[in-house]
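Remember, predicted model here, so these are calculated numbers, not experimental data. The sequence lines fix the lettering, A, B, ..., with proteins before strands; numbering per chain opens at 1.
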Amino acid sequence: MKKLLSEYMASKNQKSSFDPCDTNVSFPKIEESILEFWKRNDVYQQSLDQRVGRERYVFYEGPPTANGKPHPGHCLTRAIKDLFPRYKTMRGYFCERKAGWDTHGLPVEVEVCKELGIHAKEEIEEYGVEPFIQKCQSSVWQYMQQWEQLTERLGFWVKLDSAYVTYHQSYVESVWWSLKTFFDRGLLYKGHKIIWWWAQGGTALSSGEVGQGYKTVKDPSVYVKFPLPDKENTSLLVWTTTPWTLPSNQFAAVNENIQYATVYDPEEDHYLIFAADLVEKIAAKMKRTLEVKSTCKGSELVGLNYQPPFDYFYKTNGNKTGTLKSGGRENVAWRITSANFVTTDSGTGAVHEAPAFGEVDYELLVSEKERFVDGQGPELICPVSPNGKFTNAVPDFEGQWVKDADKAITQKLKDSGALYLLDQYEHEYPFCWRADDDPLIQYPRESWFVKTTDFKDKMLANNQEINWLPEHIKNGRFGNFLESNVDWSLSRERYWGTPLPIWVCSKTGKMEALDSYDELIAKPGATGMEVWAEAKKSNPDLVEDLKVHKPYIDAITYDSPFDDNGTMNRVPEVIDCWYDSGSMPFAQWGYPHQGQQEFKEQFPANFISEALDQTRGWFYSQLAISTLLFGDDPDIKFPHPFENCIVLGLMMAEGYVCAKCKHRFADQVKKCTQCGGKVSRKTEKMSKRLRNYRAPNEIFDQHGADALRWYFFANQPPWTSIIYSERAIKESIPEFLLRLWNVYSFFVLYANIDGFDPSSISVPGQLDAAALATGNGYRPIQQRGELDRWLISELNQTLKVVTERMDNYDNYAACTKLTSFVDSLSNWYVRRSRDRFWAEDKQDANKLDAYWTLFETLATVCKAIAPFTPFLSEAVWQNLTKSMGGASTLSVHLCDYPMANETLIDETLSRRMSLLREIASLGLSARMNAKLKVRQPLSGVTVVLNNPTDQAWLETHDDLLKTELNVRAVTYTTDAGDYVTYQVVPNFKLLGPRVGKLMPKVKSAFAAADGKTILQSLSQTGKATIEVDGQKVELSEQDVEVRLQANEGWAAAQGVQAVVVLSTELTPELIRSGLTRDVVRLVQDYRKELDLQRTDRIKLTVETQSDELNQAIQENTDFLAGEVLAKEVNLNVAQGDTVERAIGEHTLKISITVAQE
RNA sequence: GGUCGUGUAGCUCAGUUGGUUAGAGCGCGUCGCUGAUAACGACGAGGUCCCAAGUUCGAAUCUUGGCACGACCA
């Protein structure tokens, strides 16, 4: 029955259908050759070409910045971005994938500054904007090669050579077009914004930068009296930790809903108003007794005027009033207002407001301003210059750095009697991350804004139509962010960015926006183009795109259309680089100056995916720009510019940290190499600084791109945070990739031995069912054996689920299904079919069925996993189709995605087979429990089913169970007598709603009742009753569930559907049979020890004093000889090299000599 | 401080509209197989489903309040 390896060796010399495959597979090596194959045949392009004219599936690439090395997080993004376009392409869509690069912005400038060893803005100016920009432009491509390499190595199919680049002229002009549109529609305006300002460096810091520089510091904490003219001898007690902002005070804020107390301070003979909850605390600080005279709600204080502690502005404007929109007049400043951000957590419950130096303060000013008729409200007071020093508006402190002035200001408050209490306050305060000792200040700067708030409702409506994965992003993080939308602060006082395309008239200050370079230079009186021309002349390598950048674009001026003597100059700002990337839906085509057709066909995107950190980044910038630009167009429906968005989780690194010295290790170590401390596992944020992750290339080289991809796709839904651990990646290989590979190599091994030749198919193509049907010896599925039908049924069931899940962007569930199918394929189909592959007759129909079934399954699985693991599937496909000499589809990636043929899904068979597998598993479990190893044959098992429906079918599979369980007989019974107790439990789902509160009592009634009686009644009459509290509850068959309980004293195992009971009685004959198997095992071990070839035939001598063993071997000589390839078996005195072994109490000596052929 | 998310086995994670025996893989242990063989397979141990209260006949699942962690924002 078994085939000799020598035949296999011989078959190698014949023409074989498949290249033999190495069981010691190296996936990385295979992948390299597949990459080569794809490149040679331009397979990606072919996959597109064959879909031209089909419905499009539009993918937008969120542009990465290539000025840093790619890290594992980028692998995940790129893997997901590859998966769905590949899948959709196979499903028949036309899916072009244009790459893109984000190139502008502060991070690029910072990199260049680092390289130049400078950091302040002045230093950039000193170095020269022109060479600086040129450096930025080239620095952007610093790691380009690594990015392209990663992209290709990961198998991310994307058009790199036609990538869009945000600094390209066409891109910039497209962005200009959108800005001009906004400008012309009045959506672009200039306003103030309070930003974190590095005064010494003269630049703003982004929130990310600010976040890096927090330090714990002690600041003065001052409690200041703000006298209330309307209340005699009474002050509002106000608290601040920035005394330097007091000269700029404009309001005091209270919370309308907090209770405020008027307290009397006998030592000062003065009344103070502050939050009632804080009276004790402040009294304690002052070490005084404060008497509460009355309390009131904050709302009663709102509107009162006060005298600020400094009168630099108050003396001229203190009594200024303005007309309210609601009618009436009110003081424009130095008035108590309400603000709900005021709390009693610290301070006094009354907050000093200096709108110039606090973002919330500023918002308060803006909302105050809105209450007044235009032009009559409060104006911003800012007596500090951008260098952080007081101006002459505050003569007492003029020229002092504000933080230094804190002391003098506090002293002055003391002198004037305004200071009530001086304390210290410890808190976190931001410092410049580049100049450690420079505290940042909040400071107002002029900035250009996009009026996104006008479109809030439209953006929300647009958002509602987007399919977010995970769903909670829609109304959670992203929705909330939209709800609290503020106008987009667009401009940056920097150098390397898209210039804001607004030109101002030198005479009138009137402005216009332009949207192309050609339009600019064609303007009447346009001059300054020579600056670029000269730069280009002296360095012909300069890329043409730089001419639309600073400083060249700034050099160009033209005659003002607004005033005959005026000149138009560009405003100095560049724009936020997020605006660049958010414009890609149209700017990637240079729309509308060019690419109108492309835009029309590829807007909006069906699919995008980025990580969670893009919520306020690219996801928002795209949605905002798109909604503002196209939201009013009746022809463009929501959602746009993207329909489905997978929001990826953040990637964590697995590391090991020493508990003692905090030293970090990438690999697991037993003890800290630095201090010998205990090292424990820790997952934390990936960080370049900690170097707590392995470079992607190392993973590719050791485990391969498919391993990494499959790990990403199959181990968790993509939106959970993913731990990037080499260990985990490695461990996920055997479960799927290797298991599939083993099945495949098993197939190749035997197909070659038997000369199975699939090239008999007349038109192979994609090896679909119709093509296969023409093969030699191919029989329709229905005519094949049960195992084959079962496998094909499972296969189609799998395809059905996988396509359903993938259509819902659920790659995780799809992979789970594929994994379980490959498990069934390997551990049931192949395992149970092995002897068919070993069958003697090469033309045996049953054998050919096995080949065709496995071949079809492998080919189909190949196609099904192609989007997930493109390399492995290609490698298998190439070999499966090798013999067809080009008549089959060139690449698996040019195939259509396999769809389920539902007529081949046999649910009954599927159910039965899983029952059979369960019984086998129970049998093994019972053996384990009874400590009866599988090698020991048993006389039989008894299977007790709790539902006899499938018994007849099972009985036809006795042989299978006999082999699996090594028993001589299998019997089924429904009356298990002593083995089993029937337990009848209520069907809670059905009975629960019906009996309601009676349920617990029903439950105990069931427990008390005799299961057998109920079952009998049910099987005879179809119903039964059970008594609860004197009430009768009618039961139908659906109302109960039967459970079997294996009784004590039997070697039995119970499952959900059956109990399997072993016959444990061992006859001498059974024991001898088991002993023989033990001998086989020992001999095989010894063969291995002797390094014998698997094909070597031997002469075996066994010497033993045990009569029983002698008898066993004599009875089973043929079996023994067959198993160990022995030409002869002797029971003599062992000679030559012998080993002594024992089986239980039997000892034996074994000697082996290789038999000559 | 706010918002969002997460908390289930040693680890990484599933868990469908609430239904009473909570799953998978890895790891670990025991064993098997030795013609897929530097593989492979079976079985097993391991859980206060973060805590508490509530709703319900019934809660890992729903509600509320805590706690812890993470992210974003302030």
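Put simply, CG on Asn987(A) is 18 Å from P on C57(B), counting in whole angstrom units. Note: CG (Asp1039(A)) to C1' (G19(B)) measures 14 Å, nearest angstrom.
To the nearest 0.5 Å, atom CG of residue Asn811(A) and atom CZ of residue Arg709(A) are 11.0 Å apart.
Base engagement by Pro993(A) is indicated by at least one non-hydrogen atom pair under 4.0 Å involving a base atom. Val985(A) comes within contact range of no nucleotide atom at all, as no heavy-atom separation falls under 4.0 Å. If you check every strand for non-hydrogen atoms under 4.0 Å, Leu998(A) touches nothing. Among the protein residues, Val830(A) comes within range of the nucleic acid bases, having at least one heavy atom under 4.0 Å from a base atom. No contact: Lys1001(A) has no heavy atom under 4.0 Å from any strand. Note on Phe747(A): nothing from the nucleic acid sits closer than 4.0 angstrom, heavy atoms only.
Taking a 6.0 Å sphere around NZ of Lys962(A), one finds it holds more than 12 heavy atoms contributed by other residues, nucleotides or ligands.
Residues passing the salt bridge (Lys or Arg N to Asp or Glu O under 4.0 Å) test with Lys989(A), sequence neighbours excluded: none. Residues passing the salt bridge (Lys or Arg N to Asp or Glu O under 4.0 Å) test with Asp1078(A), sequence neighbours excluded: Lys933(A), Arg935(A).
Counting distance only, with no hydrogens placed and no angle test, the side-chain atoms of Arg927(A) and the base atoms of A42(B) include no donor-acceptor pair under 3.5 Å. No donor-acceptor contact under 3.5 Å links the side chain of Lys997(A) to the base of U56(B).
Using a distance-only test at 3.5 Å, with no hydrogens or angles considered, a donor-acceptor pair links the side chain of Asn879(A) to the main chain of Asp19(A). For the pair Arg616(A) (side chain) and Phe481(A) (backbone), a donor-acceptor distance under 3.5 Å is absent. Remark: the backbone N or O of Val1040(A) is not paired with any side-chain donor or acceptor of Asn987(A) at under 3.5 angstrom. No donor-acceptor distance shorter than 3.5 angstrom exists from the side chain of Lys1003(A) to the backbone of Pro986(A), with no hydrogens or angles considered. Although no hydrogens or angles enter the test, the distance criterion places no donor-acceptor pair under 3.5 Å between the side chain of Ser824(A) and the main chain of Tyr829(A). In this structure a side-chain-to-backbone donor-acceptor pair under 3.5 Å is present from Thr857(A) to Thr853(A). With Thr819(A) contributing its side chain and Cys815(A) its backbone, the two residues share a donor-acceptor pair below 3.5 Å.
Annotation: Tyr620(A) is in aromatic contact with Trp488(A) [ring centroid separation under 6.0 Å].
When each of G19(B), G70(B), A42(B) is scored by its nearest atom to the side-chain atoms of Arg477(A), the top-ranked nucleotide is G70(B). Picking from A36(B), U3(B), G19(B) the nucleotide with the shortest atom distance to the side chain of Ser826(A) gives A36(B).
The side chain of Tyr812(A) places no N or O atom within less than 4.0 Å of a non-bridging phosphate oxygen (OP1 or OP2) of C13(B). OP1 or OP2 of G41(B) lies within a sub-4.0 Å distance of a side-chain N or O belonging to Asn827(A). When the side-chain nitrogen and oxygen atoms of Thr615(A) are compared with OP1 and OP2 of C4(B), none of them lie within a distance under 4.0 Å.
Mapping Leu991(A) and Arg917(A) onto RNA chain B via the closest heavy atom, the residue that lands nearer the 5' end is Leu991(A).
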Give each protein N/O atom lying under 3.5 Å from an N/O atom of nucleotides 60-68 of chain B, with the pair distance.
none

Can you name the atoms? Protein N/O to nucleotides 29-33 of chain B N/O, anything below 3.5 Å, with the distance.
residue: G32(B); atom: OP1; partner: Arg935(A); partner atom: NH2; Å: 3.4
residue: C33(B); atom: OP1; partner: Arg935(A); partner atom: NE; Å: 2.7
residue: C33(B); atom: OP2; partner: Arg935(A); partner atom: NE; Å: 2.6
residue: C33(B); atom: OP2; partner: Arg935(A); partner atom: NH2; Å: 2.5

Identify each atom pair where a protein N or O and an N or O of nucleotides 25-27 of chain B are less than 3.5 Å apart, giving names and distance.
residue: G25(B); atom: O2'; partner: Glu735(A); partner atom: OE1; Å: 3.2
residue: C26(B); atom: O2'; partner: Glu731(A); partner atom: OE1; Å: 2.5
residue: C26(B); atom: O2'; partner: Glu731(A); partner atom: OE2; Å: 3.2

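Ring geometry, Phe747(A) versus Tyr851(A): the interplanar angle exceeds 60°, so the pair is classed perpendicular (tilted spans 30 to 60°). In this pair, Phe855(A) and Phe18(A) present their aromatic rings tilted. The plane angle is within the 30 to 60° band.
Taking atom C1' in both C67(B) and U48(B), one finds a spacing of 16 Å when rounded to whole Å. Across A45(B) and G5(B), the matching P atoms stand 37 Å from one another, rounded to whole Å. Across A9(B) and G46(B), the matching P atoms stand 14 Å from one another, rounded to whole Å.
Against RNA chain B, the stretch residues 481-488 of chain A makes no heavy-atom approach under 4.0 Å.
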